[in-house]
Amino acid sequence: MTKQLVEVITSVERRRRWSREHNERLVAATFEPGASVSEIARSAGIHVSQLFRWRKELCQISAPRVPHLVPVEVVETLPAPPTPAEPTPVSRPRKKASIVTIDLGNGRRLRVESDVDIEALARILDVLERR
């Protein structure tokens with residue numbers, strides 16, 4: 001049977017506090033080749049997530065963010081690209097037209113082909129709705 005060290009906190013404050021040097025020593029130990037973060041945390045008597053949090057905080061503090069600058073070159077206005085000749089119309093195979101029936105109520109129906117101009121249909125429906 002192994003003996004385990006038990007820490008009893010007798011002060012009013014429930015949280016343990018560690019010095020920055022202590023945190024830095026533990027974090028530095030995690031970056032050693034072959035080091036196991038969980039073993040280091042266990043030997044220090046802290047949870048592994050606490051050690052990972054210290055690693056994150058200390059690494060962010062020690063490496064300040066440097067804005068990335070992109071070189072910009074100012075040049076005179078370029079000439080406009082030549083306009084292409086009129087494009088040749090592309091022949092598309094026509095789909096089979098289908099009829100859509102819209103029931104307007106009161107026995108009124110509107111039948112339109114499926115390739116109707118939607119904006120024109122919306123205007124027609126607005127006029128019919130006002131009647």
Side-chain angles (χ1 to χ4, degrees):
M1 186 176 206
T2 61
K3 293 183 181 182
Q4 292 184 345
L5 181 66
V6 176
E7 180 179 357
V8 178
I9 302 173
T10 58
S11 67
V12 176
E13 190 171 339
R14 306 290 282 173
R15 292 180 174 220
R16 295 183 289 177
R17 304 237 183 242
W18 292 275
S19 67
R20 182 175 177 90
E21 293 78 26
H22 177 263
N23 296 354
E24 288 174 350
R25 273 195 315 274
L26 289 175
V27 168
T30 63
F31 289 111
E32 295 292 323
S36 169
V37 177
S38 60
E39 288 178 12
I40 294 169
R42 192 177 311 116
S43 67
I46 61 173
H47 195 273
V48 69
S49 66
Q50 181 68 52
L51 189 51
F52 276 114
R53 182 180 309 164
W54 288 345
R55 277 178 61 156
K56 183 178 179 183
E57 289 171 357
L58 292 173
C59 290
Q60 284 178 351
I61 292 170
S62 63
R65 297 191 94 200
V66 177
H68 297 285
L69 301 177
V70 179
V72 176
E73 182 179 342
V74 179
V75 297
E76 293 182 26
T77 306
L78 297 174
T83 56
E86 283 200 30
T88 57
V90 177
S91 63
R92 296 182 199 146
R94 182 155 169 94
K95 292 188 231 174
K96 182 179 175 185
S98 59
I99 301 292
V100 176
T101 304
I102 303 172
D103 189 3
L104 300 172
N106 294 333
R108 298 183 302 167
R109 289 188 180 139
L110 179 64
R111 290 188 176 144
V112 294
E113 289 187 9
S114 60
D115 59 349
V116 68
D117 181 9
I118 296 192
E119 291 175 2
L121 179 60
R123 288 192 299 268
I124 292 169
L125 291 175
D126 284 341
V127 170
L128 292 174
E129 186 177 277
R130 292 182 195 148
R131 290 186 180 178

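Looking at residues two or more places apart in sequence or on another chain, you find no side-chain contact (heavy atoms from CB on, under 4.5 Å) involving A28. Residues passing the side-chain contact (heavy atoms from CB on, under 4.5 Å) test with L121 are I102, L110, V112, V116, L125, sequence neighbours excluded. Judged as a salt bridge (charged side-chain N to carboxylate O under 4.0 Å, His left out), and not counting sequence neighbours, E39 has no contacts. Under the side-chain contact (heavy atoms from CB on, under 4.5 Å) criterion, E76 pairs with no residue at all, not counting sequence neighbours. A search for side-chain contact (heavy atoms from CB on, under 4.5 Å) contacts involving H47 returns S49, not counting sequence neighbours. Evaluation of the side-chain hydrogen bond (donor to acceptor under 3.5 Å, both in side chains) rule for S43 yields no partner, not counting sequence neighbours.
The structure places CZ of R111 at 8.5 Å from CD1 of I99, a figure rounded to the nearest 0.5 Å.
In plain terms, the two heavy atoms of A29 and A35 that are nearest each other are O-CB, 3.2 Å.
Using a 4.0 Å cut-off between charged nitrogen and carboxylate oxygen, R20 and E24 count as a salt-bridge pair.
Inter-residue side-chain proximity for I46 and L26 is flagged as met; some heavy-atom pair is nearer than 4.5 Å.
When each of R55, E57, K56 is paired with R53, the side-chain contact (heavy atoms from CB on, under 4.5 Å) condition holds for E57 and for no other.
Both F31 and L51 sit in one connected hydrophobic cluster of ILVMFWY residues. Membership requires side-chain heavy atoms under 4.5 Å apart, directly or through other members.
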